[in-house]
Structures are given as structure tokens and as C-alpha cells.
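Data block below; observations after.
Both backbone and side-chain heavy atoms feed into the values below; hydrogens, waters and symmetry mates do not. Quick note on labels: first sequence line is chain A, next is B, and so on, each numbered from 1.
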There are 2 protein chains.
Amino acid sequence: MTSRRADIIRESLEQMIVTGALANGERLDETALSERFGCSRTPLREAFQALAASGLIELLPHRGAFVRHPSLTQMVEMFEVMAELEAFCGRLAARRVTNADLAALQETVVACEEAVRANDHDCYYHENERFHHLLYSASGNSFLADQASRLHARLKPFRRLQLRVRGRLEQSLAEHRVILDALEKGHAEEVATALRDHVAVQGGKFNDLMASYNASPLSAQRA
Amino acid sequence: MTSRRADIIRESLEQMIVTGALANGERLDETALSERFGCSRTPLREAFQALAASGLIELLPHRGAFVRHPSLTQMVEMFEVMAELEAFCGRLAARRVTNADLAALQETVVACEEAVRANDHDCYYHENERFHHLLYSASGNSFLADQASRLHARLKPFRRLQLRVRGRLEQSLAEHRVILDALEKGHAEEVATALRDHVAVQGGKFNDLMASYNASPLSAQRA
DNA sequence: GTCAACCATATTGTATACAATTATTGCGTT
DNA sequence: AACGCAATAATTGTATACAATATGGTTGAC
């Protein structure tokens, strides 16, 4: 149980930033926020440090904290790295995956199938998360798994937007099947390629992403 | 100019941790350190936050800050990821590199040659850094470049140990030449493979690394 | 003698007060 | 009228004081 006020505030601010409740370039006023959260400036400043470390805000010395939403370019760059990290996870997992891992992955695929049938986007989203996180740890490299998880978390709001495109759920599920199949056969390069294509923003997906980005509050110009 | 006491303290502690002046598992006493640095606990705590974010210490709620040196396993894991990140930088750079980048890279190779002739390890180390950072930005993906730089910085103390192995300088230089050559020709996969092998800890390099790790103060058991 | 519960102590987390730096506004000069 | 400088106000950075939590030792019971 986290009894630290600072941690709660960090999560709260994180949410406000990724949902777009806090606009890009906006300055976070310590005194104003401390009144809003009903606490002093101290825990707020600690939360700022953590947010700055994960890149959600920029901390300029003696000037304050500023919200920094990724630009479209930065977003594409992040997806480019994410694709490669996942591909690497897959390549390692093809050699190191355990039967328990495979069984758990299979479970998520089944759950995803049901979600698609029920057209339950939230459920699919949840199971999709499980699939990818299982894959990260199946890499057998806990540092890699951690890095992948961090970036995955940072891309969370954009992935949600993507999954809402028509037909994307079915396509995503089919790709999961291909990945799992190659993984079971131990075909490292096939797994890597399938994952890279699954995650990468390319072709039509780029247009979808761009459209949803421009429509979202995150795209607001900097102050 | 950084007039923040917290930043200075962070750098100072960072140095003490990576050099092994602070042993693994050691608890960082806020009051003791604040007296030592001649300041209050506030900037120290801010420094702790930053160090925890980069993984050098662990911050347990209501219990304090503990130094966390990577285990041999974690180190190998980090090198595994570093190799892949650099390989990806190279693959992208093969398509996106500019003539100015190539010229700058060529310069570092020349400087490295001179350093090897003079047997100047410090100079070689410095030019080696330049080579790799140039490569990161040549990837044309600034997010990737940033991530690569971060991990590169974290592996710094271990790389220093590695370069001290006899004959490693010449071997490293030769590899730089191969990488640059493939880069000029635009052979993406050659660049990637050469970089992966250049960075990866495998074969004899693993033994060298393990030996230097065991000999270093970083390998001390946790308290 | 051992284990558990409780109290004392020490240490972290938070609030507030103060210092230092930056931004702003107004005035004076060109 | 526009630019530059200076004083003032606002905001961040730091110090200190206080509150909350965890640890360790002691005491009591079984």
C-alpha cells in the first residue's frame, strides 16, 4: 500500500496529461495544484521529478514544469523503437519461451477471440496488454522486458486510439495468431518480423494514426 | 549554468555509485549526506528521485534509498539490449545518414587510429564515445538516439573496464572501420550485424567482462 | 527459553518559512 | 514611440519544523 502522497499525485497528473486534460505546453503551477490536491508543494515537486524522468513534462530550472505531449514525429519515432524492441523480445522468446508461457499466451488469444466475437473493445484491449507483457517476460531478459513495458505504457493512449479503427481488432487478433504460431515452432526470425509488422506504424496504419492524433486534444499547439 | 544544488548532488552521488565508492546495498542516510554536502535534506531527496528514475538506487517507501549495482546477469542483459539498439541505429543510419555525418564519423576513426598509435586509452575512449553518439543521431530517430545514449551512459563504467583488455583497442578500431565502410556503401544489414557484434558481450569478451566485474568493487554482495 | 506484542527511537514524508532567481512592469532616455 | 534599465512582484529552490511510519529492543506471557 502506497501511503506516499507524492505517488498518488504523480499517477493523477500522469492521467491528466495522457488524457489531454492538461494541454501541451501548459505550465503546472505548484501553488495552484497544491491547493487543488489539498497538500503542500513538497509532494507535488516530487511528483514533478518522476514525471520529468518519464518524459511527460519538462522541468526548466527556476522556470517551472511544462507539459510536453509528443509531436506526431516523436510518436512515430517511439513506435519505430517499440516495433524493434518487440521484435527483439520475440526473437529471444523463440529460443527461451517456456511451455507455461506458451499456454498463457494461448489463453490470451482465446480471450481475444471471445472479445472480438462480443465486439468488446475494452476486453480486447485488456487481453492485448496481457499478450504483449507475457511476450516481454518470455524474452528471458528482464531488463529488456522492463524497457519494453515502459515504452508500451507511454504509447498506451495512442494504441487505444488505433484499436478503434474499424476492422483493426480482427486484424490484430490474426497477427497474434501468426506470432504465437511462429513462437511455438521456434522460428525466431518469423516471430521477429511478425511482431515488427504488428507494432510498426506503416502504410494505412500511419494515416489512421495521424487522423486520430489530429482529432485528439493531444495535438494542441504549444503555448 | 545549473544553479540547482540538487543537480550537483545528483551528479556527485552518481559518480560515487558508478565508481563503487558507494557499495551495493548500502543505505544512503539523508541526514549524514546532507551534512556531508553542507545542505538540507530537500535537495538530497530530489537527487534521490532522479537516481531512482535511472535505476542507480532503489527508493523504498518509509525505508530509505539503497544503492543497486547491477548484477552480472543484469549487466549482460543490458549489453544484450544495447547491442540491439545500436544495430537498429545502424540499420536506420544506413538509409538516412548524411555526408556530414559520414565525414564526422571518419574523423573519429582517424582520431582513434592516432590514439591507438600513441597507446592513449583516454583519448581512444573519448573518440569512441563520439563515434557511437554520432551513430545514434545518424539514425534520424531522436527518440532512439536518446534511449541509446541513456543506456550507453549507464554502461559507461563497464565499457571502461572492457577497453583495458590487451589488444581490445585495435580490435575495436578495426570494427569501427568495418561499420563505417558498410555505412558508406549503404548496406543496412551489414552495418547492423557489425554493430551488434561490436557491442555484444559474447565469446571471449564475456570472460573478460566477468573477470573485470568480479575484480571491481561493484561486485560486492548486497547487505 | 521462545515467541509475540508493545513501546521507544530513529528515519522518512509533509508542511511551512525563507532565500534566490526570474519575469514583469513602469519609468526614463534616446 | 521604441528601446533599455531598474525596481518590484511572482515563482522556484532550499532550509527547518512537524507528523507519520517503520525498526529494534524490551517486557511479558506461554
Side chains of A/Leu183 and A/Leu135: does their closest heavy-atom pair fall under 4.5 Å? yes
Round to the nearest Å and state the distance from A/Leu44 atom CG to C/dG13 atom P. 16 Å
Quick check: closest heavy atoms across A/Leu151 and A/Met78, and the distance to 0.1 Å? CD2-O, 3.8 Å
Distance check needed: D/dA15 C1' versus B/Glu30 CD, whole Å only. 14 Å
I'd like to know if B/Arg63 reaches the base of C/dG13 with its side chain, counting only an N/O donor and acceptor under 3.5 Å. no
Which of parallel (below 30°), tilted (30 to 60°) and perpendicular (above 60°) describes A/Phe158 and A/Phe79? perpendicular
Parallel, tilted or perpendicular: which one describes the rings of A/His133 and A/Tyr136, with boundaries at 30° and 60°? perpendicular
Does A/Arg4 put a side-chain nitrogen or oxygen below 4.0 Å from OP1 or OP2 of C/dG13? yes
Can you check side chain to side chain contact (heavy atoms under 4.5 Å, CB included) on B/Asn141 and B/Arg96, steps first, answer last? CA-CA 10 Å; B/Asn141 181 325; B/Arg96 304 174 180 174; 4.2 Å; yes
Under 4.0 Å between a side-chain N or O of B/Arg5 and OP1 or OP2 of C/dT21? no
Comparing nearest nucleotides in DNA chain C, the 5'-proximal residue of the pair A/His62, B/Arg41 is B/Arg41
Without decimals, in angstroms, what is the distance between B/Asp7 CG and D/dT14 C1'? 13 Å
Calculate the interatomic distance between B/Leu59 atom CG and C/dT11 atom C1'; express it in whole Å. 13 Å
Report the distance from atom CD of A/Glu46 to atom P of D/dT12, rounded to the nearest whole Å. 16 Å
In whole angstroms, the gap separating P of D/dT12 from CD1 of A/Ile57 amounts to 11 Å
In whole angstroms, how far is the C1' atom of D/dG13 from the CZ atom of B/Arg45? 15 Å
5' precedence on DNA chain C between B/Ala65 and B/Thr42 (nearest-nucleotide basis): B/Ala65
Measure the distance from CG on B/Asp29 to P on D/dT23 and round it to the nearest whole Å. 15 Å
Contacts of A/Arg27 and B/Gly38 projected onto DNA chain D by closest heavy atom; the upstream (5') one is A/Arg27
